[in-house]
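As structure tokens, the structure follows; a few thoughts come after it.
All figures in this text were calculated on a predicted structure; none of them were measured in a lab. Basis for what follows: all heavy atoms, side chains included, without hydrogens, waters or symmetry-related copies. Every chain is numbered from 1 and lettered A, B, ... according to where its sequence line falls, protein lines coming before strand lines.
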Amino acid sequence: MGRRFSLFCELGGILPVRGDEASMAAKRPFTPRSEDFPRWYQEVVQAADLAENAPVRGCMVIKPHGYALWENIQSPLDRLFKETGHQNAYFPLLIPQSFLDKEADHVEGFAPEVAVVTHAGGKKLEEPLVVRPTSETVIGHMFAKWIQSHRDLPLLINQWANVLRWEMRPRLFLRTTEFLWQEGHTAHANAEEAEEETLRMLDIYAQVAEEYLAIPVRRGVKSRIETFPGAERTYCIEGLMQDGKALQMGTSHNLGQNFADAFDIRFQDADGERKLCHTTSWGVSTRLVGAVVMAHGDDRGLILPPRIAPIQVAIVPIFRKDDDKAAVLGKAVELAAALKDAGILVRLDDREQIKPGAKFFEWEKKGVPLRLELGPRDLEAGQAVAVRRDTGDKAPIAFEGLADTIRRELDDIQKGLFERATRFRDEHTHQASSFDEFVQLLEGPGGFVEALCDGTDETERAIKEKTKATIRIVLEDGDDLGACILTGATATRRALFARAY
RNA sequence: CGGGGUGUAGCGCAGCCUGGUUAGCGCGCUUGACUGGGGGUCAAGAGGUCGCUAGUUCGAAUCUAGUCACCCCGACCA
């Protein structure tokens, strides 16, 4: 970190001093994370060309680079869903309002953020239609028709879709009124299988978060207050962002028989009896794009883990004279082809009229993991110069075996990012044995704080009221674990607290 | 919904208080030349119903009234 910071200062020093404030602002690097993290986030998302705000407040336009990133997150997820027996399907955007009403907790939980269509075809509708905030209800309705026998179980369905939840405080990717996600919905013959499924999918989420997004996660169960409306139990994965706030990166719900009961999802078992199904649902969303930005980015912009980067290597050719140009570009094309053949996502930046320095900045702010510089001097030396986005390290790479070297380098970056994020997470995880200590830890280093509490909703709410910290994960429930940090009463719960997005 | 603020070029803003006729600046964009190992320089250009409506006035971006939109601050969520 320190090394890159000094490089950054050096660059700052050679920026032109002339020009008014506006032109300086245009060239100034990002607002440092330490100064104003939300602003930094916004600037990075914009500069990396990931997304921008749409005409309707709370909605976003996901731009090609951002969408490519999302596709690269979708791809391992979709593969793993299919490998575990799930099939994709698609359910409609509009849901009869009465469906929502069938599960009491569910309506109550979603009512404030649901958008309702009351008019269509130039007339007022007989029954209002809600724009799906999630699809348990329609899917439950369909499951009831599809499931007759225990031979129809388990039913394992996933859909990739958009959903709408009216938001008052939108932020690109992290909290938008409309977002893209996947929602898995399954039905099982008994509670054990449903619980197994719920945990299996949680594991897949954790795996993708850690192996692809390079973000270490804590996984576990939510408190009653944080449980999905209508679920028996909600499991989640929680990541820690660089500002010390937690981000819920995925949830997996064991819905018990609540929705089966509400929608009459029954099957005839081998013993001839008609029984209620046990259902699950689980989802991750475009919020994961925001997680990647906040977990890895630095003061020079986005940093993408190679395994999800839409462009893994950017080649920047450098030349002065025309004959240099022909030779350098020729070699650059050759190298790009070799990398492509090796399955590496490479982009040759052969734009003219743009100086190499400008290209360096552009690919840097877009988070490209590795840059290859290729100039006349390199041609003579039989090498290219590689610069790592994560560490700023610069090293020559021989043309001989280039693709293999780069492959190793990308793997190393992937590993390095995960290790760096893990170190950060571990250094920002603490135990608090008193309320004072709890507050100090939140105010000081931030991050996760493990603490004991009495397990009541009131205490949980009171802690949130006083500290803005919530229970991210319940770590342990027991009869007598010690004393509650807030009330001093017998603690029946050890929990992972944090301020969260 | 309660309080505060802003609408002028793609973006960011100045001009408004103290009306005056070609409405300006920076970034970006276009064209050309020189440049090219960390955000280039110069030159020439394109780009505007000043949010909308009505009024005051010889004259409105500027004053008045109304209206619309958006932003910021207090109760949720992948």
Expressed in whole Å, how much space separates the [atom1] atoms belonging to [N] and [M]?
{"N": "B:rC76", "M": "B:rU49", "atom1": "C1'", "value": "42 Å"}
{"N": "B:rC17", "M": "B:rU41", "atom1": "P", "value": "37 Å"}
{"N": "B:rA65", "M": "B:rC73", "atom1": "P", "value": "29 Å"}
{"N": "B:rG48", "M": "B:rG2", "atom1": "P", "value": "39 Å"}
{"N": "B:rC16", "M": "B:rG7", "atom1": "C1'", "value": "13 Å"}
{"N": "B:rU22", "M": "B:rC29", "atom1": "C1'", "value": "23 Å"}
{"N": "B:rU6", "M": "B:rG37", "atom1": "P", "value": "45 Å"}
{"N": "B:rG28", "M": "B:rU67", "atom1": "P", "value": "42 Å"}

Both distances below 3.5 Å, Watson-Crick or wobble geometry, any strand: find the nucleotide opposite [N].
{"N": "B:rU41", "value": "B:rA33"}
{"N": "B:rG2", "value": "B:rC73"}
{"N": "B:rG7", "value": "B:rC68"}

Check against salt bridge (charged side-chain N to carboxylate O under 4.0 Å, His left out), A:Glu238 and A:Arg219: CA-CA 6 Å; A:Glu238 294 277 331; A:Arg219 69 188 91 174; over 6 Å; no

Has [X] got a side-chain N or O lying under 4.0 Å from the OP1 or OP2 atom of [N]?
{"X": "A:Arg57", "N": "B:rC72", "answer": "yes"}
{"X": "A:Lys355", "N": "B:rG37", "answer": "yes"}
{"X": "A:Arg287", "N": "B:rA78", "answer": "no"}

Residues A:Lys331, A:Glu334: salt bridge by 4.0 Å N-O rule: yes

Cationic N near anionic O, under 4.0 Å, A:Arg165 to A:Glu178: no

Is there a donor N/O on one and an acceptor N/O on the other, under 3.5 Å, for the side chain of [X] and the base of [N]?
{"X": "A:Arg165", "N": "B:rC77", "value": "no"}
{"X": "A:Glu364", "N": "B:rG38", "value": "yes"}
{"X": "A:Arg371", "N": "B:rG38", "value": "yes"}

A:Phe361 ring over B:rG39 six-membered base ring, under 5.5 Å and 30°: yes

Stacked pair A:Phe179-B:rA78, distance under 5.5 Å, angle under 30°: yes

Any donor-acceptor pair under 3.5 Å from A:Asn72 side chain to A:Ile308 backbone: yes

Qualifying residue for ring pair (Phe, Tyr, Trp, His ring centres under 6.0 Å) with A:His141, from A:Phe263, A:Phe259, A:Phe99: A:Phe99

Evaluation steps, salt bridge (charged side-chain N to carboxylate O under 4.0 Å, His left out), between A:Asp390 and A:Arg388: CA-CA 6 Å; A:Asp390 61 333; A:Arg388 283 174 60 139; 2.6 Å; yes

Spacing of A:Glu43 atom CD relative to B:rC11 atom P, expressed in whole Å: 18 Å

Earlier contact from the 5' end, RNA chain B, for A:Ala500 and A:Glu352: A:Glu352

Residue met sooner reading RNA chain B from 5', once A:Val387 and A:Val284 are mapped to nucleotides: A:Val387

Sugar-phosphate only, base, or nothing, as touched by A:Val163 at under 4.0 Å among non-hydrogen atoms: nothing

Sugar-phosphate, base or nothing in reach of A:Pro112, heavy atoms under 4.0 Å: nothing

Charged tip of A:Arg307 within 45° of A:Tyr212 ring normal and under 6.0 Å: yes

Ring-face cation of A:Arg371 near A:Phe360 (centre distance under 6.0 Å, axis angle within 45°): yes

Reading 5' to 3' through nucleotides 29-34 of chain B, protein heavy-atom contacts under 4.0 Å coded B for base, S for sugar-phosphate only, - for none: ------

